[in-house]
*Asks:* 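Here you go, one structure.
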Amino acid sequence: MIRGLKAPSFMDLALKTAENAGKAGEVPIGCVVVRGYEVIATAGNRTLTDHDPTAHAELVALREAAKKIGSERLVDCDLYVTLEPCTMCAGAISFARVRRLYYGAADPKGGAVESGVRFFASPTCHHAPDVYSGVGESESARLLKEFFRERR
């Protein structure tokens with residue numbers, strides 16, 4: 001666990017985690033779960049590594065955080081992720097009762113927070129975190145653009 005990082009540094013850690021995921025051949029998305037000023041989980045995308053379509057950075061980090069605190073409810077936790085969460089990840093964030101969501105780049109095609117289905121605005125959503133978009137947006141977008149440019 002990493003103690004003492006301040007809020008901007010939490011997204012910096014998510015960006016570094018995303019960069020490492022990209023170096024491993026995964027889509028460069030990184031996620032950090034924070035409780036107070038303590039990092040309790042970090043994860044990058046692992047869908048290829050784990051042969052698991054659900055191994056998005058958010059889900060891997062949420063699982064790790066829940067294990068560490070011994071509860072599936074992360075009510076006093078904040079989540080930092082480099083890309084707008086998809087519907088699956090937004091659902092998991094809701095069910096985990098994450099307090100605040102900070103994300104970097106918008107995802108007009110696959111995002112589900114302020115794009116697409118807008119999951120947290122749905123009347124059937126059990127819990128909606130406070131959402132802060134555009135945190136580390138340019139760096140998040142740069143990582144993704146470079147990753148996909150190299151593969152074309």
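These figures come from a predicted structure and were not determined experimentally. Reckoned from all heavy atoms, side chains included, excluding hydrogens, waters and symmetry mates.
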*Asks:* Mind checking the CD1-OH spacing from Ile93 to Tyr103? Nearest 0.5 Å is all I need.
*Replies:* 11.0 Å
*Asks:* Please report the closest heavy-atom contact between Ile29 and Ala21, naming both atoms and the distance.
*Replies:* O-CB, 4.1 Å
*Asks:* Hey, what do you get for CZ (Arg35) to SG (Cys77), rounding to the nearest 0.5 Å?
*Replies:*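 Answer rounded to 0.5 Å: 5.5 Å.
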*Asks:* Does some side-chain heavy atom of Leu144 sit less than 4.5 Å from a side-chain heavy atom of Pro28?
*Replies:*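 They are in contact (side-chain heavy atoms under 4.5 Å apart), so the answer is yes.
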*Asks:* Is there side-chain contact between His56 and Thr47, with at least one heavy-atom pair below 4.5 Å?
*Replies:*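 The answer is yes; the side chains approach within 4.5 Å.
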*Asks:* Ignoring hydrogens, what is the shortest heavy-atom contact between Ala61 and Cys31? Give both atom names and the distance.
*Replies:* CB-SG, 3.8 Å
*Asks:* Does one hydrophobic cluster hold both Leu13 and Tyr132, with members joined at side-chain heavy-atom distances below 4.5 Å?
*Replies:* yes
*Asks:* Where does the angle between the aromatic ring planes of Phe10 and Tyr80 fall among parallel (under 30°), tilted (30 to 60°) and perpendicular (over 60°)?
*Replies:* tilted
*Asks:* Supply the atom-to-atom distance Glu84 CD to Glu58 CD, rounded to the nearest 0.5 angstrom.
*Replies:*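 Here the interatomic distance stands at 10.5 Å.
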*Asks:* Given side chain to side chain contact (heavy atoms under 4.5 Å, CB included), test Glu26 with Thr49 step by step and report yes or no.
*Replies:* CA-CA 8 Å; Glu26 299 281 356; Thr49 303; 2.7 Å; yes
*Asks:* Tell me the closest heavy-atom pair linking Ala18 and Gly30, and the distance in Å.
*Replies:*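 Looking at all heavy atoms of both residues, the shortest contact is CB-N, 3.3 Å.
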*Asks:* Determine whether Tyr37 and Val135 fall in the same hydrophobic cluster, where Ile, Leu, Val, Met, Phe, Trp and Tyr are linked whenever their side-chain heavy atoms lie under 4.5 Å apart.
*Replies:*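 Yes: a chain of side-chain contacts under 4.5 Å links Tyr37 to Val135.
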*Asks:* With a 4.5 Å heavy-atom cut-off, do Leu79 and Tyr102 have their side chains touching?
*Replies:*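 Not in contact.
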*Asks:* Does the side chain of Val117 reach to within under 4.5 Å of the side chain of Ser122, using non-hydrogen atoms?
*Replies:*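 Sidechains of Ser122 and Val117: no contact.
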*Asks:* Under 4.5 Å between any side-chain heavy atoms of Asp12 and Lys16, yes or no?
*Replies:* no
*Asks:* How far does CD of Glu19 sit from OG1 of Thr82, to the nearest 0.5 angstrom?
*Replies:*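 So the gap between those two atoms works out to 11.0 Å.
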*Asks:* Please report the shortest heavy-atom distance between Thr54 and Arg63, naming the atom on each side.
*Replies:* OG1-NH2, 3.5 Å
*Asks:* Which residues pass the side-chain contact (heavy atoms from CB on, under 4.5 Å) test with Arg99, not counting sequence neighbours?
*Replies:* Asp78
*Asks:* Taking all atoms of both residues into account, what is the closest heavy-atom pair of Arg46 and Val60, and its distance?
*Replies:* CD-CG1, 4.2 Å
*Asks:* About how many Å separate CG of Asn45 and OG1 of Thr17, when rounded to the nearest 0.5 Å?
*Replies:*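 The OG1 atom of Thr17 sits 11.5 Å away from the CG atom of Asn45.
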*Asks:* The criterion is side-chain contact (heavy atoms from CB on, under 4.5 Å); which residues satisfy it with His126, sequence neighbours excluded?
*Replies:*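 Expected list: Ser94, Phe95, Arg97.
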*Asks:* List the steps, then state whether side chain to side chain contact (heavy atoms under 4.5 Å, CB included) holds for Val113 with Ser133.
*Replies:* CA-CA 9 Å; Val113 176; Ser133 59; over 6 Å; no
*Asks:* Give me the atom names and distance for the closest heavy-atom approach of Ser115 to Pro108.
*Replies:*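 So the two residues come closest at OG-CA, 3.8 Å.
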*Asks:* For the residue pair Pro129 and Arg100, establish whether any side-chain heavy-atom pair is separated by less than 4.5 Å.
*Replies:*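 A side-chain contact is absent here, since even the closest heavy-atom pair is not under 4.5 Å.
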*Asks:* Just one of Leu83, Val81, Thr87 clears the side chain to side chain contact (heavy atoms under 4.5 Å, CB included) bar with Pro85, so which one?
*Replies:*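 The passing option is Val81.
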*Asks:* Run the salt-bridge test on Arg142 and Glu139 with the 4.0 Å N-O cut-off and return the result as yes or no.
*Replies:*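 Answer for the salt bridge query: yes.
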*Asks:* With rounding to the nearest 0.5 Å, note down the distance linking CG in Asp52 to CG in Leu59.
*Replies:*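 Here the rounded value is 8.5 Å.
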*Asks:* Is there a side-chain contact between Ile40 and Ile69 (heavy atoms, below 4.5 Å)?
*Replies:* yes
